[in-house]
Each structure stands twice: as C-alpha cells, then as structure tokens.
Amino acid sequence: MTILCDPAARAGHLSPVVGGDVRSAATLDEAARLLASDPMETLVVVGASIDLDVALTFASSLRLERPAVGVVLLRDVLDVAVLTRALRDGVREVVARDDLPALTDACARSRALSAQVSGVPQPRQDGRQGQVVTVFAAKGGCGKTTLAVNLAAVLAAGGERSVCLVDLDLAFGDVGICLRVEPVRTIVHGLGMLGHVDVAGASSLLTACRPGLSALLAPVEPGDAERIPAGLVSELLAVLPTMFDFVVVDTPSAFSEHVLAAMDSSHHHVLLTTPDVPALKNLRVTLDMLDLLSYAHDIRSIVLNRSDAKVGLSMDDIERVVRNDIRAHVPSSRDVPISVNKGNPIVLDLPKHPVSEAITRFAAEHVLAEPVVAAKTSKRWFR
Ligand SMILES: Nc1ncnc2c1ncn2[C@@H]1O[C@H](COP(=O)(O)OP(=O)(O)OP(=O)(O)O)[C@@H](O)[C@H]1O
Ligand SMILES: [Mg+2]
C-alpha cells in the first residue's frame with residue numbers, strides 16, 4: 001500500500017504508477033493518522049500542491065519516528081535548492097509532478113530501501129526458492145511450537161539467513177507470544193488478497209521479530225480462524241519461499257485442510273512425538289496417513305521431544321512403534337517454559353543448553369545439510 005497525500009490527485013488513477021493499492025489523504029495530518037493505524041505502511045507520496053515547508057517537517061519527523069517509511073515528494077519544478085533541502089530533511093526522492101515513469105522508479109527504490117530497513121526480505125534476484133519445513137504432531141502439547149520457533153531462530157542464525165515462521169495454529173496460535181511481538185498484522189489481513197497474493201502483499205502481513213526472522217502470525221480475534229481458507233495458505237506458501245531462505249510452519253494438532261496445504265508445499269515434514277503411548281500412537285497414525293497420501297518418505301524427520309523423560313518406555317519400544325529413525329532427541333528441561341515466558345527462544349537465550357544443542361544439531365544435519373528435493377515429490381490424490 002501507498003499513502004498519497006495530494007488533494008488534487010485521484011488515488012485510483014495513480015495506483016498503477018506507484019505500484020499496488022493507494023490510499024489518499026487530503027492533508028499530511030490525515031496521512032499521519034493513516035500511518036499510525038498501519039505499522040506496515042512504508043511509503044508516502046506527497047503531492048505538488050502540499051506546501052514545501054510542511055512536507056519537509058513531515059518527512060524529517062518520520063525519519064526519526066518511522067525510519068522504514070519513505071517519503072517521495074512531487075514538485076512542479078525541480079531546482080537544486082528544493083532538492084538539497086528535501087534530501088537534507090529525509091525525503092527519499094523528489095520527482096517532477098508529471099514524470100510518471102520517474103515516480104514509478106522512485107516508489108520501487110523507496111520500497112526496496114524500506115524492506116532493507118525493516119528487515120522484511122524482497123524477492124530473490126537469483127530466482128532461487130527457499131525451503132518449507134512443516135512441524136506437525138497429531139497430539140496436542142508435544143512441543144510443536146517450541147520446536148518450530150527454535151528451529152526458525154537457529155536457521156536465521158542472527159540474520160545470516162532469512163526465515164519466515166508461519167503460525168498455522170489459526171485458532172490458538174502462540175508464536176507471537178513466544179517471540180514477544182505484537183500481532184498487529186496477521187494472516188487474516190490477507191483475506192482481501194485471496195487469488196492474487198504477491199510479494200508486496202505477503203510482505204505487508206509479516207512481523208519482523210529478530211534479525212533474519214519474520215513471522216506470519218495467527219489471527220487474534222475469536223472467529224477469525226474459520227475465515228481463513230486453505231487456498232490462502234497455499235498461495236502464501238508459494239510466495240514466501242521466493243522471499244526467504246526458509247519458511248518454518250507451526251501447525252495445530254489436527255490434520256486440517258490447512259495443514260495438508262502446508263504438507264503439500266513442504267520440503268521437510270518434521271513429525272514430533274513425546275515418549276508416551278498416546279503421542280506414539282498418534283504419530284503412528286500420522287505416518288500411516290502420510291503414506292496413504294503418498295508423501296515421500298525421505299522428506300520426513302521424526303523428533304522425540306522430552307526424550308529423557310522416565311516414563312517406562314525404552315528406545316526399542318519407541319522405535320518399534322515408529323518404524324523409522326529418530327533424527328533428534330530433545331531433552332526435557334524447565335528452562336524451555338522459562339524461555340517461553342521470557343519471550344526469547346531458548347536457542348537464543350541459552351545456546352549451549354542441551355535443548356538448544358539438540359535443535360541446532362538437528363537443523364545442521366537434517367535441514368541445512370540435506371539436498372532439497374522437489375516440494376511435492378508426490379501429490380495428494382484427493383482434496
Ligand atoms: N523439551 C521440553 N522441556 C520442557 N518443556 C517443554 C519442552 N518442549 C515443550 N515444553 C513445554 O510444553 C508445553 C507445550 O509445548 P508447545 O506449546 O511447544 O506444544 P505444542 O505441540 O505446540 O502444543 P499445542 O498442540 O497446544 O499447540 C509448553 O509449556 C512448552 O514450554
Ligand atoms: Mg502449538
């Protein structure tokens with residue numbers, strides 16, 4: 001979205017010029033109100049009819065308060081004095097009022113700069129696709145969110161790689177709480193994009209969480225979860241890998257249509273269990289279900305959470321039920337819920353902790369190191 005502040009211009013008319021949807025504001029006060037109500041807005045185009053001094057005061061205060069927002073200024077006449085003052089006060093570009101191609105370019109450059117400042121990635125220039133990792137367990141409380149959040153933080157490696165964590169637990173998602181970020185924009189704001197999700201649209205839904213780590217958060221209002229169609233999930237999971245090295249998906253504990261849409265888009269299925277009979281039984285059912293749906297075996301990793309819990313089951317008992325290698329053993333520790341309460345993933349809070357080491361090793365050996373197979377090695381045969 002772009003805010004166009006020019007009483008003389010019609011927003012709809014300029015939409016194709018600035019790229020994307022345009023909201024109009026008659027005054028800069030109104031533009032400031034629109035900005036305040038939308039923390040993801042990154043561009044204000046200030047029309048030629050707005051007084052220069054007022055426009056420059058607006059730009060210089062925005063530079064301090066919202067550095068990710070760019071101001072592009074339109075003027076009737078471009079002269080060196082105006083350009084110098086405008087750039088000194090934080091205006092990103094000054095464009096002649098009728099030079100529409102120059103305005104298009106200036107808006108694109110400003111958006112790219114905003115994306116760098118806010119940490120939300122742009123589409124890759126090399127066309128390479130990121131990998132989608134879906135974390136699932138059919139039994140609630142196994143540690144899906146814990147693993148998804150920590151795996152995403154490890155993969156981001158402090159900004160070395162770009163990672164988007166998607167909260168598909170649409171009714172009860174707690175990724176925002178685990179990372180202590182405000183759910184101002186959530187997947188529910190993507191409803192209007194259904195059928196035409198693009199990079200700009202997907203970016204506008206994201207919340208920057210840590211260096212390299214963004215999140216697509218779950219809705220917060222009761223009833224909003226039911227409004228999200230699985231098709232929106234598929235569309236988002238097609239676009240996000242064009243922007244991020246990794247997309248990690250946290251899920252609810254049910255084989256919903258949305259979970260299956262994520263499974264379809266995934267390069268890795270991380271299936272979680274704990275060492276107790278109900279969780280193991282549910283994992284067995286999950287594995288049989290995935291087989292029935294013809295998903296490839298080699299994209300599967302089974303992770304045993306709370307692996308050291310003394311509950312009367314031996315590793316042999318567990319492997320007999322699972323009939324697969326267990327690729328990571330994550331021990332139980334009260335430091336895990338402590339890190340959740342602090343809003344800082346344990347891998348960042350205590351990187352040498354045995355829980356952090358187990359998740360880091362799993363990421364290194366099975367997510368980063370393994371060759372990437374096609375996202376859908378096999379497709380489901382019904383919907
Ligand atoms: N290895 C661990 N050691 C100790 N506590 C853990 C461990 N893993 C998860 N927990 C705790 O168990 C609880 C459930 O974990 P989590 O929320 O990650 O599970 P979930 O599978 O996402 O649950 P839900 O099905 O409700 O979404 C949380 O309080 C979490 O802090
Ligand atoms: Mg959860």
Side-chain angles (χ1 to χ4, degrees), residues 133-155 164-181 183 186-187 209 213 215-220 222 225 228 233 247-256 258-260 262-263 269-283 285-286 301-311 313 315 318 326-363:
V133 183
T134 294
V135 179
F136 180 73
K139 180 170 176 294
C142 281
K144 296 179 294 294
T145 303
T146 304
L147 184 66
V149 168
N150 282 282
L151 189 57
V154 163
L155 291 170
C164 182
L165 179 56
V166 176
D167 194 346
L168 269 199
D169 191 351
L170 298 172
F172 299 105
D174 39 20
V175 162
I177 289 170
C178 291
L179 290 165
R180 197 165 278 187
V181 287
T186 73
I187 191 169
C209 300
L213 178 59
L216 175 57
L217 298 173
V220 280
I228 312 292
V233 174
V247 178
V248 178
V249 185
D250 183 23
T251 56
S253 41
F255 257 122
S256 65
H258 305 76
V259 169
L260 289 172
M263 295 282 191
H269 294 163
V270 178
L271 306 170
L272 205 59
T273 185
T274 44
D276 54 276
V277 173
L280 286 166
K281 187 270 289 169
N282 283 356
L283 173 59
V285 173
T286 300
S301 291
I302 293 171
V303 172
L304 183 63
N305 190 23
R306 300 173 184 268
S307 58
D308 53 345
K310 302 278 180 285
V311 287
L313 287 177
M315 202 45 75
I318 293 171
I326 292 182
R327 291 187 159 180
H329 295 76
V330 180
S332 190
S333 166
R334 68 191 194 94
D335 294 324
V336 173
I338 291 174
S339 75
V340 172
N341 293 339
K342 282 200 245 174
N344 200 23
I346 191 166
V347 292
L348 301 181
D349 202 21
L350 302 167
K352 297 279 173 230
H353 193 285
V355 168
S356 307
E357 286 187 338
I359 295 173
T360 305
R361 201 173 322 114
F362 171 68

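Because the structure is a prediction, the values reported are computed rather than measured. Counting starts at 1 for both ligands and their atoms, in listed order.
- Counting only protein N, O or S atoms closer than 2.8 Å to the Mg ion (ligand 2) gives 1.
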Would Val347 and Val355 count as a side-chain contact (heavy atoms from CB on, under 4.5 Å) here? Give the steps. CA-CA 8 Å; Val347 292; Val355 168; over 6 Å; no
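- Enumerated by chain and number, the residues approaching ligand 1 to less than 4.0 Å through a heavy atom are Gly140, Gly141, Cys142, Gly143, Lys144, Thr145, Thr146, Asp169, Ser253, Asn305, Arg306, Pro331, Ser332, Ser333, Val336, Pro337, Val340.
- Here OG1 of Thr286 is found 5.0 Å from CZ of Phe136. Values are rounded to the nearest 0.5 Å.
- In the model, His269 has no side-chain atom that pairs as donor or acceptor with a side-chain atom of Ser301 under 3.5 Å.
- Side chain of Thr274 to main chain of Arg306: no donor-acceptor pair is present (N/O by atom type, distance under 3.5 Å, no hydrogens or angles).
- Here His329 contributes atom NE2 and Arg361 contributes atom CZ; the two are 10.5 Å apart, rounded to the nearest 0.5 Å.
- Between the side chain of Asn344 and the backbone N or O of Leu179, no donor-acceptor pair lies under 3.5 Å.
- Atom SG of Cys164 and atom CG of Leu155 lie 12.5 Å apart (nearest 0.5 Å).
- Ile187 is not listed as a side-chain neighbour of Leu217, based on a closest heavy-atom distance of 4.5 Å or more.
- Remark: the backbone N or O of Lys352 is not paired with any side-chain donor or acceptor of Ser356 at under 3.5 angstrom.
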